[in-house]
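In each ligand, atom 1 is the first atom listed, and ligand 1 is the first ligand listed.
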Amino acid sequence: MQAPQNTKIVPISDSTLAEVRDDPVSAQQMRPRPLISWEDVKKQLAVHFLLSKSDIQKYEKVSTDDLLKGYEQMQLARLFENACNQAYMQGNIRGFMHLDNGQESIPAMVADTIKIGDKKHSYYREHTHALASGVSPDKIMAELFAKVDGTCKGAGGSMHIYDVEHNFQGGWALVSEQLPYAVGAARAIALDRHLNPEQMKNDDRITIVFIGEGGAQNGRMAECLNAAAKENLPILFLVIDNGRAINTFTQDVAQNSDVYMQGKHYGVPGLKVDGQNMVDTMRAGRAVVDHVRKNGPAILQVHTYRFNGHSPADPEHERGRKEEKKWARAEADPIKIFEASAAKLGITEAQLEKHKNIANEIVKKSVEFATNSPPPPRELAKQLEFPDAPDTDYNKRQVPSSYEAITKKTTNPTALEECNKYIAKLRADSVAGTMTIGDAVNLAILEEMVRDPTTTIHAEDLQAGSSYNIPKLTQQTFGKLRAADEIIDEGHFIGKALGEGMNGYRPIVELMNTNFGIYGIAEISSAGNTYATTGGQFKMPMTIIGAGGTAPNQSLGAEHSQPFHAYVMGIPGLKICTAASPVAAYGLAKSMIRDDGPGILFLPVKMMKDTKGSVELDNCMPLNKAALLNKASDKAVAAGKAVTVLTYLHGVKESQIAIEQLKAQHPDVEIDLLELRSLKPLDMASIKESLKRTHKLAILDESTLSGGVGATISALVSEQLFYELDAPIKRLCMDDAPVPYASSMEKAVVKRAEDLVIGVADLANNKF
Ligand SMILES: Cc1ncc(C[n+]2csc(CCOP(=O)(O)OP(=O)(O)O)c2C)c(N)n1
């Protein structure tokens, strides 16, 4: 075997790891191989990880067996990716596929240090990470071939590999989105230990999150380092530093590429290692993983070269890349470098050959397996929409009998007593008919959190009960792990909730105003996708609750008055509910918390404290039903003067005002008032039942003319119930304008009771 040329490494003396080489070829490279020797790694371990000489000494020696396993893993990665490339060219793999050639020391290190119980969150370039985690090569290849025997039954594809058995949890395609999910997974480990300390006494599981150096420049990295440090979570941030984000040279856009130093601000230690050197990568991996298992979060940055373009679907026009790639393939290939040093390590060519052949056979078999597997059946797509059917009765959901004891053991008895007293007070308020919407949700949450210790909550201002007292007493009763007060970025804590949801917990996220969820659109959409994308392997319980919509003279200005409910309507897999009364808020919140999929419960912003009433204690409501709040008389129906009104949130109150105004202004006109407690799935059966009587439909809609909820409902009614209609559908929705501050202008943009009265009277009197 030929030793690569020009690979002489000059040791550096300081820990900033300036990248300088002394040979002419690498001097021309935009990104020379870093000069990090094992001696430098040892210095970093001493300085940043506070390891003693004898601790460090333990990592010096890697046995021949382990080196050969590492080598086989590198070959498996290389050959697997080469087979993928070939299959892509043959049209057997489609879409975006990202290959890992050149970065094989990372799977070698992962296979060496990461265990089956550890949680793994990777990104779109993850085939080799899944292989190194023990996921079946056959199943990975079948997934890439879009076959039913794939890891996700063909629902995920190259960028979405998941395997529940090996805790391989993505496969996430939005750059950096995996970071908060991984933090959530690490929280799940901490929660497991908190809830079952005896059973988890020797638990040393960790979470590993893989991130490119480009992705690590995303703000999520800072939030997640903060979250990991604040709770001292067992999480390793593995930064794969190939210097390129698609074609961009990361140093052209990032002020500081030494991502391993990012943790300084949070007290999270970091280490940089030369990924061309498998032995050093394994040694460093062992040291850092041990640190995470014993002490808490850490960053490991592995310097690599990516030999292929970003994806075969992308043209190769990277600036300076052709030369660099040619050079890197010849001079900076971790496989060739290891082979060249094998003799010195006491490894023979025959041994190398044997392990390469093993890898080759595995890959060949995987291609055969994938070729022979059938495509998934068409019906599977619909079956994977929701983990729980829309008509689920959540009253029947039992919790294990052990839960009561766990709650008692893991809560302070005085705090639990206080909480139970508060629950009793709220229940008494309900009986008295004085319960607010906010308190109804608080009651639902407290009851569910007492009943089920796997329920968690995340919110800003949580200790103080946030804006509407919804998370009141949660942290005081259940502690900081189950009730997490958050820094102000909704996206990152919705993401953490997602990670918990994938790992056995039932997170609740309270948003104050649902419009703040705009920061979490990526995470909400991924929550909606997860059950389907993972081929049904990971259920995704998550309840997001907050106040939304508008109210007359609200004066909250445009950004607090946006129809977030309309923004999320297009996200698959979400259940979207609304509640304009304490009874609905309580019953829906309880059901949503028990549901195994993600959902959002919208509450009316200005009615949270003012609207009072009773709830049906202990009753869970269906998540797919509208409520008939007013029924037009048979007389009005017979006279053709009845109109169906569909509305939700504050529109319910406006419609009730309109009913009174109609009595005074148009006594012959009456309405069937349906509150849309479920915007998705929509209760078409109840709409149909009403339209069969009235044949006329008005929608008082708290969302915009374009892309609003009313637009969707109107289209569905036109398509499915056209023959029930005697008149065009009347949409009374928000204009396509930001909601103004001044009440005089607000009235022009948002439709209220007086607009509904005119609209309904026009319909009843055939004025279209
Ligand atoms: C949110 C988001 N923005 C943009 C993209 C397109 N994209 C995919 S990979 C990538 C570059 C990421 O580079 P890096 O994090 O360094 O990882 P690498 O691909 O080099 O392994 C970009 C911009 C995306 N998938 N998601």
Return a table of N or O atom pairs, ligand 1 on one side and protein on the other, at distances under 3.5 Å, rounded to 0.1 Å.
residue  : atom   : partner : partner atom : Å
ligand 1 : 15 (O) : G215    : N            : 2.7
ligand 1 : 16 (O) : E213    : OE1          : 3.3
ligand 1 : 16 (O) : E213    : OE2          : 3.3
ligand 1 : 16 (O) : G214    : N            : 2.9
ligand 1 : 16 (O) : R244    : O            : 3.2
ligand 1 : 17 (O) : Y124    : OH           : 3.1
ligand 1 : 19 (O) : Y124    : OH           : 2.8
ligand 1 : 19 (O) : R125    : NH2          : 2.8
ligand 1 : 20 (O) : N242    : OD1          : 3.1
ligand 1 : 20 (O) : N242    : ND2          : 3.1
ligand 1 : 20 (O) : R244    : O            : 2.8
ligand 1 : 21 (O) : Y123    : OH           : 3.3
ligand 1 : 21 (O) : R125    : NE           : 3.0
ligand 1 : 21 (O) : N242    : ND2          : 3.4
ligand 1 : 25 (N) : A173    : O            : 2.9
ligand 1 : 26 (N) : V175    : N            : 3.0

Inset, instruction - Answer yes or no: is there a side-chain heavy-atom contact under 4.5 Å between N226 and I487? - result: yes
Legend entry - Side-chain heavy-atom pair Q276, S105 within 4.5 angstrom cut-off: no
Cut-off 3.5 Å, no hydrogens considered: what does the side-chain donor-acceptor table look like for residues 82-97, sequence neighbours left out?
residue : atom : partner : partner atom : Å
N82     : OD1  : N101    : ND2          : 2.9
Y88     : OH   : G95     : O            : 2.4

Inset, instruction - Provide the full list of ring-ring contact (aromatic ring centres under 6.0 Å, His included) pairs with a residue in residues 209-241, sequence neighbours left out, each pair given once. - result: H129-F210
Inset, instruction - Just do the ring pair (Phe, Tyr, Trp, His ring centres under 6.0 Å) check on H121 and Y123 with the steps written out, would you? - result: CA-CA 7 Å; H121 280 263; Y123 54 120; over 10 Å; no
Inset, instruction - Report the residues that fulfil side-chain contact (heavy atoms from CB on, under 4.5 Å) with E523, sequence neighbours left out, ordered by chain and then residue number. - result: P180, Y181, R220, I494
